[in-house]
J.: 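First the structure, then my questions, so here it is.
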Amino acid sequence: MVFDVDSTLIQDEVIELLADQAGSRAQVAEVTERAMAGELDFAGSLIARVETLAGLAESALDDAFAAIRVTPGAEQLIDAIH
């Protein structure tokens, strides 16, 4: 089984949680919108979004992890797959 984690197995987009901490949520949303409109490919959009996180402390990863909300039923699904 292959799943996209963000907004599937978890209710969040990790890059958005990190962008909240970096103060770049609006920039990340704008790049995502451009990618969804076909103006940027996935690699280009990922690079552009990650660039907005420059200077973010490593501890931001722990904070983002703490904020993640697991999608209801995801744990049971994974258990059933195992």
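Quantities reported herein were computed from a predicted structural model and do not represent experimental measurements.
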J.: So does Glu30 have more than 12 non-hydrogen atoms from other groups sitting under 6.0 Å from CD?
T.: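 For Glu30, atom CD is crowded (more than 12 foreign heavy atoms under 6.0 Å).
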J.: If the condition is side chain to side chain contact (heavy atoms under 4.5 Å, CB included), which residues does Ala67 pass it with, not counting sequence neighbours?
T.: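 Side chain to side chain contact (heavy atoms under 4.5 Å, CB included) check on Ala67 returns Leu17.
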J.: Between Val28 and Leu61, is there a shared hydrophobic cluster once you connect ILVMFWY residues whose side-chain heavy atoms come closer than 4.5 Å?
T.: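 Same cluster: Val28 reaches Leu61 through Ile, Leu, Val, Met, Phe, Trp or Tyr contacts under 4.5 Å.
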J.: Between the side chain of Ser45 and the main-chain N/O of Phe42, is any donor-acceptor distance below 3.5 Å?
T.: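 The answer is yes, because a donor-acceptor pair under 3.5 Å joins these two groups.
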J.: Can you list, by chain and residue number, the hydrophobic cluster partners of Met36 when the side-chain cut-off is 4.5 Å?
T.: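 So far as hydrophobic clustering goes, Met36 is joined with none.
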J.: CD of Gln27 to CG of Leu53: how many Å apart, nearest 0.5 Å?
T.: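 Answer rounded to 0.5 Å: 9.5 Å.
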J.: Hey, could you give me each pair passing salt bridge (charged side-chain N to carboxylate O under 4.0 Å, His left out) that has a residue in residues 3-25? Not counting sequence neighbours.
T.: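 Every salt bridge (charged side-chain N to carboxylate O under 4.0 Å, His left out) pair that includes a residue of residues 3-25, provided the two are not neighbours, is Asp12-Arg69, Glu16-Arg25, Asp20-Arg25.
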J.: Share the residues that join Val31 in a hydrophobic cluster, the rule being Ile, Leu, Val, Met, Phe, Trp or Tyr side chains under 4.5 Å apart at the heavy-atom level.
T.: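 Leu40, which link up through side-chain heavy atoms under 4.5 Å apart, make up the rest of the cluster.
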J.: Quick check on the hydrophobic clustering: are Leu46 and Val14 connected, directly or via other members, by side-chain heavy-atom contacts under 4.5 Å?
T.: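 Same hydrophobic cluster.
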J.: Please report, to 0.1 Å, the donor-acceptor pairs under 3.5 Å made by any side chain of residues 75-82, with sequence neighbours excluded.
T.:
none

J.: Who passes side-chain hydrogen bond (donor to acceptor under 3.5 Å, both in side chains) against Thr52, sequence neighbours left out?
T.: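 Partners of Thr52 under the side-chain hydrogen bond (donor to acceptor under 3.5 Å, both in side chains) test: Ser24.
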J.: With sequence neighbours left out, what residues match Ala74 under side chain to side chain contact (heavy atoms under 4.5 Å, CB included)?
T.: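 Leu9, Val70, Thr71.
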J.: Distance from Asp63 atom CG to Gln21 atom CD, nearest 0.5 Å?
T.: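 Nearest 0.5 Å value for the CG-CD distance: 4.5 Å.
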J.: According to salt bridge (charged side-chain N to carboxylate O under 4.0 Å, His left out), does anything in residues 39-55 pair up with another residue at least two apart or in another chain? List the pairs.
T.: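 Pairs touching residues 39-55 that pass the test: Arg34-Glu39.
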